[in-house]
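Structure record follows, encoded as C-alpha cells.
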Amino acid sequence: MGFLTSFSRSMYLTNYINRLEIQLNDITTEQLDLSNEVAQLNSEISDLGKTDSAAVKQLTARKVELEALDNQLKLRMKKIQSQIQAATTELQSADQMLQRNIQSSFSYAGGR
C-alpha cells in the first residue's frame, strides 16, 4: 500500500469509527429515555394498585414493549461495538503501514 492509499484508508477508518461512536451515543440516549419511561410506568402501575384492571394491563403491555425495544437496542450496541473493534484493528494496521511508508520515504539509501 502506498503512502496516499494508507493515509486515505486511515482517514476513512477514523471517520467510520467516529460515526459508529455517535450511533452508540444515540442508542445510549434512547436507552435512558426508555428507562425513564419504564420507571414512570412502574410508578403508575403501583399507584393504580389493582393488577386486574384494564389500565394496569395496558400499562404492563406498554412496559413489555419498551423492554423488548431495550433488548433490541442492546443487540444493536453489541453489533456496533464489534464493528468499532474490527475497524480499530484495521486502523492500527493502516497506521503501521503509513508509518512504514513515511520511514521508507524519508530514509536515505547508501548511508549518505
Side-chain angles (χ1 to χ4, degrees):
M1 224 188 275
F3 173 78
L4 290 177
T5 305
S6 298
F7 182 75
S8 295
R9 188 69 180 152
S10 179
M11 293 289 90
Y12 170 80
L13 289 167
T14 300
N15 186 37
Y16 178 66
I17 291 168
N18 289 337
R19 284 184 282 133
L20 289 173
E21 288 174 346
I22 289 169
Q23 289 179 15
L24 278 181
N25 287 336
D26 292 344
I27 290 172
T28 301
T29 301
E30 283 183 62
Q31 284 183 312
L32 288 173
D33 292 342
L34 287 175
S35 295
N36 289 334
E37 193 171 344
V38 167
Q40 183 178 357
L41 288 172
N42 284 334
S43 176
E44 290 176 23
I45 291 170
S46 68
D47 288 347
L48 290 174
K50 297 179 184 177
T51 58
D52 59 342
S53 71
V56 169
K57 289 179 182 177
Q58 186 178 17
L59 293 172
T60 302
R62 177 67 180 146
K63 182 178 140 183
V64 169
E65 288 175 14
L66 293 176
E67 289 170 346
L69 183 57
D70 185 53
N71 287 335
Q72 289 176 352
L73 291 174
K74 286 178 184 176
L75 291 174
R76 279 182 46 205
M77 278 185 90
K78 286 182 182 180
K79 180 180 176 184
I80 291 170
Q81 288 168 340
S82 295
Q83 290 172 327
I84 288 173
Q85 190 174 23
T88 300
T89 301
E90 191 175 344
L91 177 61
Q92 290 170 348
S93 175
D95 285 345
Q96 289 173 353
M97 182 67 72
L98 184 61
Q99 290 301 321
R100 283 192 292 263
N101 285 326
I102 290 171
Q103 287 174 350
S104 67
S105 295
F106 291 101
S107 63
Y108 294 102
R112 295 182 201 173

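Here the structure is a predicted model, which means the values were calculated and not measured.
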* Asked: Is the number of heavy atoms from other residues, nucleotides or ligands under 6.0 Å of Q85 CD greater than 12?
  -> no

* For E37, check salt bridge (charged side-chain N to carboxylate O under 4.0 Å, His left out) against everything at least two apart and list the hits. => R62

* Any donor-acceptor N/O pair, S82 side chain to K78 backbone, under 3.5 Å -> yes

* Asked: Has the side chain of N101 got a donor or acceptor atom that lies under 3.5 Å from a matching backbone atom of M97?
  -> yes

* Structure fact -> The side chain to side chain donor-acceptor pair (under 3.5 Å) partners of R76 (sequence neighbours excluded) come to none

* Sub-4.5 Å side-chain heavy-atom contact between E44 and Q40 -> yes

* Just jot down the side chain to side chain donor-acceptor pair (under 3.5 Å) partners of D95, sequence neighbours excluded, or say none. => S10

* Can you sort out the partners of Q99 under side chain to side chain donor-acceptor pair (under 3.5 Å), two or more places apart, ordered by chain and number? => none

* Asked: Could you state the interatomic distance from CD (E65) to CG (L34), rounded to the nearest 0.5 Å?
  -> 11.5 Å

* Under a single-linkage definition using a 4.5 Å side-chain heavy-atom cutoff for Ile, Leu, Val, Met, Phe, Trp and Tyr, are Y12 and L91 assigned to the same hydrophobic cluster? -> yes

* Mind checking whether L59 and L48 have side chains closer than 4.5 Å, heavy atoms only? -> yes

* OG1 of T88 to CD of Q83: how many Å apart, nearest 0.5 Å? -> 11.5 Å

* Identify whether L75 and I80 are in the same connected component of the hydrophobic contact network (ILVMFWY, side-chain heavy atoms under 4.5 Å). => no

Expected list for residues 16-29: side-chain donor-acceptor pairs under 3.5 angstrom, two or more places apart:
from : atom 1 : to  : atom 2 : distance (Å)
N18  : ND2    : T14 : O      : 3.3
T28  : OG1    : L24 : O      : 2.9
T29  : OG1    : N25 : O      : 3.0

* Asked: Which distance, rounded to the nearest 0.5 Å, do you find between the CD of Q31 and the CG of L66?
  -> 12.5 Å

* To the nearest 0.5 Å, how far apart are OG in S6 and CE in M11? -> 11.5 Å

* To do: Flag yes if L13 and I84 sit in one hydrophobic cluster, no otherwise; membership is Ile, Leu, Val, Met, Phe, Trp, Tyr, and two members link when side-chain heavy atoms are under 4.5 Å apart.
  => yes

* side chain to side chain donor-acceptor pair (under 3.5 Å) partners of Q92, counting only residues at least two apart -> none

* CG on N42 to NZ on K63, rounded to 0.5 Å -> 4.0 Å

* **CZ-CG distance between F3 and L98, expressed to the nearest 0.5 angstrom** => 5.5 Å

